[in-house]
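Here the structure is laid out as structure tokens; the discussion comes afterwards.
Labels below follow one simple rule: chain letters A, B, ... track the order of the sequence lines, proteins then strands, and each chain is numbered from 1.
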Amino acid sequence: MNVPAKKRFGPLLLIAPAALLIGVFLVLPYLNIVLMSFRMPGQGTPYGPGFTFGNYGKFFSDFFYISQVINTLWIGFLTTFICLVLGYPVAWQLARGASAFRAVGYALVLSPLLVGIVIRSYGWTILLGNNGIINRTLTGWGIIDGPLPLMYNALGIIIALVHVFLPFMILPIMSAIQGIDPSLEAAARSLGASKVTSFRRITLPLSLPGIQAGCILVFVLSLSAYVTPSLIGGLRVKTMAVTVVDALIDTFQWPFGSALALMLSVTGAIIVVIFGRLTVMKWKA
Amino acid sequence: MTEVSIEKLTKDYGQGPAVNSISIRIAEGEFISLLGPSGCGKTTTLKMIAGFEDATEGAIRFDGRDVVHVPVEKRDIGMVFQNYALFPHMTVEKNLAFGLEMRKTPKDEIRTRIARVLDMVQLTGYSERYPRQLSGGQQQRVALARALVIEPKILLLDEPLANLDAKLREEMRVFIRDLQRRVGITTVYVTHDQAEAMTMSDRVVVMFGGRIAQIGTPSDIYERPANLEVAEFVGQVNIVRGKVGNRIVSTAFGDIPVSGDHAAGTELMLALRPEAVELLPVSSGADGVPAKVLSSYYSGSLVDYRLELAGGATVSVQTFPRTRFADGDQVLVHAPADRFWPLGSAA
């Protein structure tokens with residue numbers, strides 16, 4: 001191969017900064033976590049000498065942890081599904097609606113991201129608490145007798161997560177719909193499809209790449225969310241991310257915390273891969 | 001087959017009419033082109049026929065039935081879009097089946113009709129391909145097949161050849177025209193390309209500023225344009241001015257007899273197509289007006305000359321390149337009197 005050295009190394013040189021960043025700050029720490037998950041638990045120290053499979057053994061033998069992964073996944077599924085159902089119409093409006101609505105709509109959609117995560121979560125505690133605005137108002141109007149359990153449960157976590165992650169669902173779907181040629185819907189209409197049918201047969205399947213991206217984003221973000229579940233779930237409902245931090249910081253078990261963290265990552269990754277396989281689009285190049 | 005009748009059709013978006021009270025009767029099986037520059041209202045008219053735009057006023061009748069309030073999907077039209085609008089997530093077969101499925105056609109009939117239409121557009125064997133796996137010309141033919149397979153009342157085409165390269169465009173002109181004749185479907189074709197409109201249509205509707213300037217056969221439009229705008233839009237034209245006398249117009253080419261009422265003493269414009277003129281060498285001593293060659297452009301089948309007449313007026317002439325004249329040559333220009341067409345009084 002007589003490719004000049006300059007030409008051969010050019011692309012590598014371009015990738016180098018990003019590769020370095022990912023290598024140093026993502027791959028190496030991950031390898032460190034993998035290594036840590038096999039270390040012996042320590043007495044008064046983060047970890048002891050030697051290696052073991054014991055941390056994983058503890059995870060699989062105690063149904064508490066497995067059920068927590070299942071809980072976390074459920075919260076992720078529900079958050080994703082609700083974001084999809086609530087977000088799609090908004091995305092459609094932003095992509096195809098009147099231009100006057102678009103600028104305001106866009107700002108509104110992004111607004112949850114403009115508030116810091118801690119403040120936003122505390123905001124939800126003010127709204128959702130037993131003595132919170134919602135419960136007090138409903139009791140005041142005589143609609144309910146006692147406070148509804150809106151906080152310290154999965155419901156509260158899902159409400160708060162949906163709020164934050166909606167933009168991550170809306171924006172990819174919006175850009176997917178914007179990329180669909182409006183004349184396709186016109187063609188469907190000319191062939192005898194009603195507006196509803198043309199949406200179902202043309203627009204919806206063609207926006208699938210956006211739905212796919214949005215679902216993966218929201219699902220992954222929900223699994224790894226920490227601040228919102230820990231503030232709103234309190235001590236009663238814990239997601240995996242909260243338990244991982246508990247293990248690392250409260251009980252000082254670095255090896256076991258690492259194992260827990262990896263189990264969450266692996267299950268999440270497997271689900272994302274399966275989802276990707278199920279929603280593969282043959283028509284795309 | 002369907003007869004389409006458009007009566008006093010108007011579309012106003014609120015800034016003056018985009019289409020201004022136009023009326024066209026389209027016979028069964030006729031191929032009609034709407035021709036005009038962009039913004040002349042031709043596409044808006046097509047969209048109103050299709051049902052994508054509501055008419056502000058007027059009627060659109062398919063076989064006598066007013067369809068103005070019938071939604072697109074109930075009008076039973078076949079439409080070909082400029083960018084083809086093939087469904088990218090469906091194979092050719094699924095694209096073709098779509099309209100039939102909407103009509104609840106039985107599955108085995110769908111299959112036979114798809115096979116027949118694929119044969120018609122010469123794409124047998126392509127049914128499993130996705131649109132992105134087809135060339136522009138093939139996509140075009142699938143779009144045509146998709147519009148025809150539902151056997152609609154009328155076929156509407158919106159600049160369908162605009163995205164093809166020149167050679168393919170000419171092939172497709174012939175292809176579409178032949179197909180339309182074979183199927184015998186009433187067709188409305190929108191284009192800004194006068195050559196396309198001329199070669200394909202039974203009749204051409206020339207539109208300017210939302211109004212119809214002229215409706216006629218291609219030769220009507222070209223040889224007997226209704227006014228200066230039409231004459232200039234459809235091909236090249238020389239405008240020859242002259243003073244009206246007693247049933248004649250005195251021009252640089254001599255006295256041209258004209259019919260019709262033109263007030264004596266006024267100035268009249270006459271259209272003279274560049275290829276209607278003959279160029280002869282001065283030595284021939286033939287009957288002609290002397291002129292000097294200003295410039296010439298050779299394009300293979302034709303040569304374009306710019307000439308200056310003795311009086312100072314310039315004319316464009318197209319000839320076969322059998323005898324070539326060089327720039328600066330003196331020539332004789334022979335324009336037969338019957339090739340002049342009166343356009344109206346000069347402003």
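Applying the 6.0 Å contact sphere to NZ of B:Lys47 captures no more than 12 heavy atoms from other residues, nucleotides or ligands. Atom CZ of A:Phe199 has more than 12 neighbouring heavy atoms from other residues, nucleotides or ligands inside a 6.0 Å radius. Heavy atoms of other residues, nucleotides or ligands lying less than 6.0 angstrom from CZ of B:Phe175 number more than 12. The local environment of CD in B:Glu53 is crowded, with over 12 non-hydrogen atoms from other residues, nucleotides or ligands closer than 6.0 Å. Residue-environment remark: CZ (A:Arg277) stays at or below the threshold of 12 foreign heavy atoms within 6.0 Å. With a 6.0 Å radius and a threshold of 12 heavy atoms from other residues, nucleotides or ligands, B:Tyr13 has its OH atom above the threshold.
Heavy atoms of A:Thr197 lying under 4.5 Å from chain B belong exclusively to its side chain. When heavy atoms are compared at a cutoff of 4.5 Å, B:Arg75 does not approach chain A at all. Of the two parts of B:Leu156, neither the backbone nor the side chain holds a non-hydrogen atom closer than 4.5 Å to a non-hydrogen atom of chain A. Heavy atoms of B:Ile150 lying under 4.5 Å from chain A belong exclusively to its side chain. For B:Asn83, the part lying under 4.5 angstrom from a heavy atom of chain A is the side chain only.
Residue-level contacts of residues 183-193 of chain A with chain B, in order of numbering, are A:Ser183, A:Leu184, A:Ala186, A:Ala187, A:Ala188, A:Arg189, A:Ser190, A:Leu191, A:Gly192, A:Ala193; threshold 4.5 Å between heavy atoms.
Under the 4.5 Å side-chain criterion, counting only non-hydrogen atoms from C-beta, A:Arg201 is in contact with B:Met90. Residues B:Phe81 and A:Asp181 fail the side-chain proximity criterion, which asks for heavy atoms closer than 4.5 Å.
Put simply, of B:Arg103, B:Gln82, B:Gln133, B:Lys74, the one with the most heavy-atom pairs under 4.5 Å next to chain A is B:Arg103.
Here the straight-line distance linking atom CG of A:Leu204 with atom NE2 of B:His89 works out to 9.0 Å at 0.5 Å rounding.
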